[in-house]
Amino acid sequence: MARIQLEAGNDLVQRLAHENDPIKAVIELVWNGLDADAHEVVVTLHRNDAGGVIGAEVVDDGHGMAPEELVSAFRWVGNSWKSVSGRSKGEGRPLHGRLGQGRLRAFALGSRIIWDTVADSVDGKRLRSVVRASSSARNDVDISDPESTDAKTGTRFTAEGREGLDRLDADKARDRLTATFAPYLIARPDVAVVYDGARVQPGDSIEGDTAYEIEWWHEGVARKATLRIIEWKQGSERAIHLCDGSGVPIDALDRAPAPDFRYSAYVLWDDMPEHHNEWILARMETTPSVLGALLAEVDRVLERHFDDRRAQRRRELVEEWKAGSVYPYEGEPSTEEEKVERATFDVVATSIRRHIPSGRQQKKLTLGLLRESIQQRPSDVSALLDQYVGLAADERDQLEHLLKRTSLSRVIQASSNVTNRLEFLRALELMVFDPETNKMIGERAHLHRILESELWVFGEQYNLMISERGLTAALDRHLEILGDARTDAAPVKQIDGRSGRLDLLLSASATEHDRNRHLVIELKAPKVVAGQKELAQIKAYAMAVAEDPRFASSTTEWDFWLVTGEVERSVRHEAHQRGKERGLVMEPELPDAPGARVRVWVRDWGQIIDDARRRLDYFQKSLQHDPSLDDARDYLRRNHGDVIPEGLLADGEGPTTKDPAA
C-alpha cells in the first residue's frame, strides 16, 4: 500500500471540495464516469431507517483508473491529463474534468470516501486498486497494492459518515442533474445516468429546444458561438451554462433572466475552456473582453427569445379563454382604440395568469374586472388592476374600501389562494379517508413531501424549520431562534440512547408575547392505525426535549402532534381524559425551565381538516366554491403531480370517496 500526500494546502482542499453542495459532488463524480467512456453511471443514495440520506455510491462501467494513473491523479490539484487530451481515451468523447479538482468534491458526500477501481494497465493486465481518504486528513490518500482480477472495468465510489445530505433527495437535485447532462445525454442515447433508481432522461422533460447561432465582434474579429435554450415542462431549473463546443459545461452563471420560465441555456463556444472562472470579471468590465462581449450578446438573444415566448403564451392563453367562453370581448376590434385596449388587456391578464382562479365562473368574473379597469383607466397600467364591477352595492362598498389599501392583483391572488386551499382540503380527504386511495399514499414518498408545501393546514402562524432531520438539528434551529449557539457538541439522544428523526418541525413565524412556539409533526401513512407503539415514539421525542437542559427556555412552548387517520381504542381513551383538552396525552413538569411547556397530542386528520375548513368557512361562502373530486385531482395534478401516484390522478378512473363530513 502507498500513501500519497496531495500537493495542496488542507484549507485549499476543503475550499475546492464545496462541502456545502453535495449535488455538485455527485455531478462531478458522474462526469468522471462519463469521461472514462462509461455507458452507464448509477448513483445510489444510502438512507438510514428514518429515510434520511447518509451517504452515496456512484458506480460506472468505464475504463477505470490504472495503477500507474492513480499516483498522479491523487497527488496534484490541476495538471489533469484531461486538460491536454481534450478527448476520452477510448471513444474520443469530449471531456469535462480538465481541472483535476473533481475528486476533491467527493468530501461533500462523506467523511470517509473510497474509490474501488478496475482497469487495464499498460502491460495489458487487468488490475484492481482501492483508494481511501478521510476528511480528518484530506491531504493523505491511501492507495492499495494492485491485485489481478477478471472483473469488468469500472469504478465504484462510496462515501459515508456525513449528515445533512437530504438535499440529494429533493426534486431540485434531479432537476439540476437533468439540466447539467441534457446536451451530453441527448447526443448520446446509448449512455445512461441512473439517479436514485430512475434514469435521467432529459428528452421526457423538454417543452422546447431552440438553438441560435450567435455572431459577435471583438477587436475587429468576428466570432461565432451557439446558444441552445431548453425549456422544461416542470421543475425549478433556471440557469445559464457556459460550455465548450461539444456542450460540456465549464461554468454556470449565478443568475439568469426570465423568472417566469423554467429553462437551461447553454452557450457553446470552442474557446470557453480557456476562459474558465472569468465570467464574473467579464460581467464587470467597462471595456468588454471577448467573453464579456459574448455574454452581452447572449443577454440580448435571451431577452428577444423570451419576449417572443411571452407573446406566444399570450396568444395561446387568449385562444384558450375564448374557447372556454370566459374572454370578456367578442368579435374583432373595430377601431384603433379598441385594438389598443384589447392588446393592453391581453398583456395585463396573461401577466397575472397564475393568480387567476381555475373555476370557470371565478375566471370569467376576474377577466371581466380587468376589462372594466382598462376601459376606465387606460393610461395607468399599474392602476388597471385596481377596480371592481358587477357587485351588489354593499359588496361594492367593501371592495372599494379594500382597494384603497391594496391592488386587485392581491385580491385575485388571495381569492386564488383560498380556492386552492379548499381544493387541497378536498384532495386531502380523498387521500386519507378513501379506503382505496389511502392504500396508494405513503408517508414519506407522498404525504410528507406534499405537506412540506401545505403547512397552512396545521396553522397559519407556522413556518418550516426542519424536515426529516434529527433531534440535534432541532436543537440547533431552536437555539438559532433564541439567538444562541450550541457550545456542547454532544448529539441529542432519546432516553434509550437512540437518535430520533423528526418528520416536520415548525415554528411560529413570530414570537407571541415574547414566547416562541414550536410544533413537531409526526406523520403516519393514512392506512396506518396508530397504536401504543406510535404514541410511544412521539412521547420519546418529547421527553428527549424535556430532559435535555440545552432545550431549556422559559419562553418556549413545544407541542408534539401524532397525526394519523385512525387510532386504536387505547390511544383514543388516552387522548380523551376528563379535565384535559381533547387530544392532550402528556404534559410533563419541567423543573429546569418552569415557564416552558412540552405537550404531546394525538390529532386525527378529521380534526385537522375540520379546523382548517372552519378558518376558510367565511371565504368559502363568499366565493361559493365547493370543490368536487375532479377539482381536487386537478389541484394535485397542478401542484403535486410529481409526487402523487398516477392512479390517483386519473380522470374518471380509480377510487371514489365519500365525504367524511357527510
Side-chain angles (χ1 to χ4, degrees), residues 24 27 30-31 34-35 86-87 92-98 172 174-193 199-218 222-279 282-283 290-313:
K24 178 179 285 189
I27 289 173
V30 172
W31 275 123
L34 298 178
D35 286 350
R87 292 283 169 176
R93 300 184 196 173
L95 294 173
H96 170 267
R98 303 176 186 178
K172 287 185 178 180
R174 180 171 291 277
D175 292 344
R176 190 167 161 190
L177 262 74
T178 300
T180 299
F181 295 106
Y184 190 98
L185 295 178
I186 292 172
R188 297 167 183 82
D190 59 327
V191 175
V193 174
R199 183 170 179 173
V200 177
Q201 295 182 296
D204 294 345
S205 304
I206 292 177
E207 183 176 294
D209 189 348
T210 308
Y212 296 94
E213 295 303 319
I214 294 180
E215 183 172 347
W216 80 105
W217 289 78
H218 182 258
R223 302 171 186 270
K224 293 184 178 181
T226 300
L227 174 62
R228 183 178 185 180
I229 305 171
I230 295 180
E231 296 178 46
W232 306 109
K233 295 177 182 177
Q234 58 188 15
S236 58
E237 177 70 14
R238 179 166 54 90
I240 300 176
H241 301 272
L242 306 183
C243 310
D244 65 14
S246 300
V248 176
I250 305 299
D251 283 315
L253 305 191
D254 62 347
R255 62 184 184 275
D260 48 338
F261 287 86
R262 297 166 295 198
Y263 71 93
S264 300
Y266 307 89
V267 184
L268 283 65
W269 182 33
D270 288 336
D271 295 339
M272 194 70 77
E274 300 173 14
H275 300 276
H276 175 63
N277 276 342
E278 292 182 10
W279 66 266
R283 288 284 201 191
V290 63
L291 179 59
L294 169 59
L295 295 181
E297 185 62 26
V298 167
D299 288 342
R300 285 190 287 271
V301 175
L302 285 173
E303 183 178 2
R304 289 198 305 269
H305 173 82
F306 287 113
D307 281 346
D308 291 344
R309 288 287 290 115
R310 291 185 187 96
Q312 179 185 351
R313 277 185 172 182

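By the side-chain contact (heavy atoms from CB on, under 4.5 Å) test, P183 pairs with R228, Y266, sequence neighbours left out. Partners of A311 by side-chain contact (heavy atoms from CB on, under 4.5 Å), not counting sequence neighbours, listed by chain and number: R314, R315. Considering only residues two or more places apart in sequence or on other chains, E215 meets the side-chain contact (heavy atoms from CB on, under 4.5 Å) condition with W217, A222, K224. Listed by chain and residue number, R262 satisfy the side-chain contact (heavy atoms from CB on, under 4.5 Å) test with Q234 (two or more places apart in sequence, or in another chain).
The existence of a salt bridge linking R304 and D307 is excluded, since no basic side-chain nitrogen approaches an acidic carboxylate oxygen closer than 4.0 Å.
When all heavy atoms are compared, the tightest approach of L95 to V248 is O-CG1, 3.7 Å. What you find for L34 and R93 is that their closest heavy atoms are O-NH1, 3.4 Å. S264 and W232 get closest at one heavy-atom pair: OG-NE1, 2.9 Å. Taking all atoms of both residues into account, the shortest heavy-atom contact from I27 to F181 is O-CZ, 3.7 Å. Taking every heavy atom of both residues into account, A182 and I230 meet most closely at CB-CD1, 4.2 Å. Here the closest non-hydrogen pair linking T226 and E213 is OG1-OE1, 3.2 Å.
Applying the salt bridge (charged side-chain N to carboxylate O under 4.0 Å, His left out) test to every pair with at least one member in residues 265-274, sequence neighbours left out, gives no pairs at all.
Put simply, CG on D175 and CZ on R238 are 13.5 Å apart, with the number rounded to the nearest 0.5 Å. Taking CG of L291 as the reference point, atom CZ of R223 lies at 11.0 Å (rounded to 0.5 Å). Rounded to the nearest 0.5 Å, atoms CG (D251) and CD1 (I240) are 12.5 Å apart. F306 CZ to E231 CD: the interatomic distance, rounded to the nearest 0.5 Å, is 5.0 Å.
W216 and W269 have perpendicular rings, their planes meeting at more than 60° on a 0 to 90° scale where under 30° would count as parallel.
Two residues are said to be in side-chain contact when any heavy atoms from C-beta on lie closer than 4.5 Å; I206 and I186 meet this criterion.
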Residues H305, Y263; criterion side chain to side chain contact (heavy atoms under 4.5 Å, CB included); working and verdict: CA-CA 12 Å; H305 173 82; Y263 71 93; over 6 Å; no

Without placing hydrogens or testing angles, list every side-chain donor-acceptor pair under 3.5 Å for residues 292-299, not counting sequence neighbours.
{"unit_1": "E297", "atom_1": "OE1", "unit_2": "R300", "atom_2": "NE", "d": "3.1"}
{"unit_1": "E297", "atom_1": "OE1", "unit_2": "R300", "atom_2": "NH2", "d": "2.6"}
{"unit_1": "D299", "atom_1": "OD1", "unit_2": "R283", "atom_2": "NH1", "d": "3.4"}
{"unit_1": "D299", "atom_1": "OD2", "unit_2": "R283", "atom_2": "NH1", "d": "2.6"}

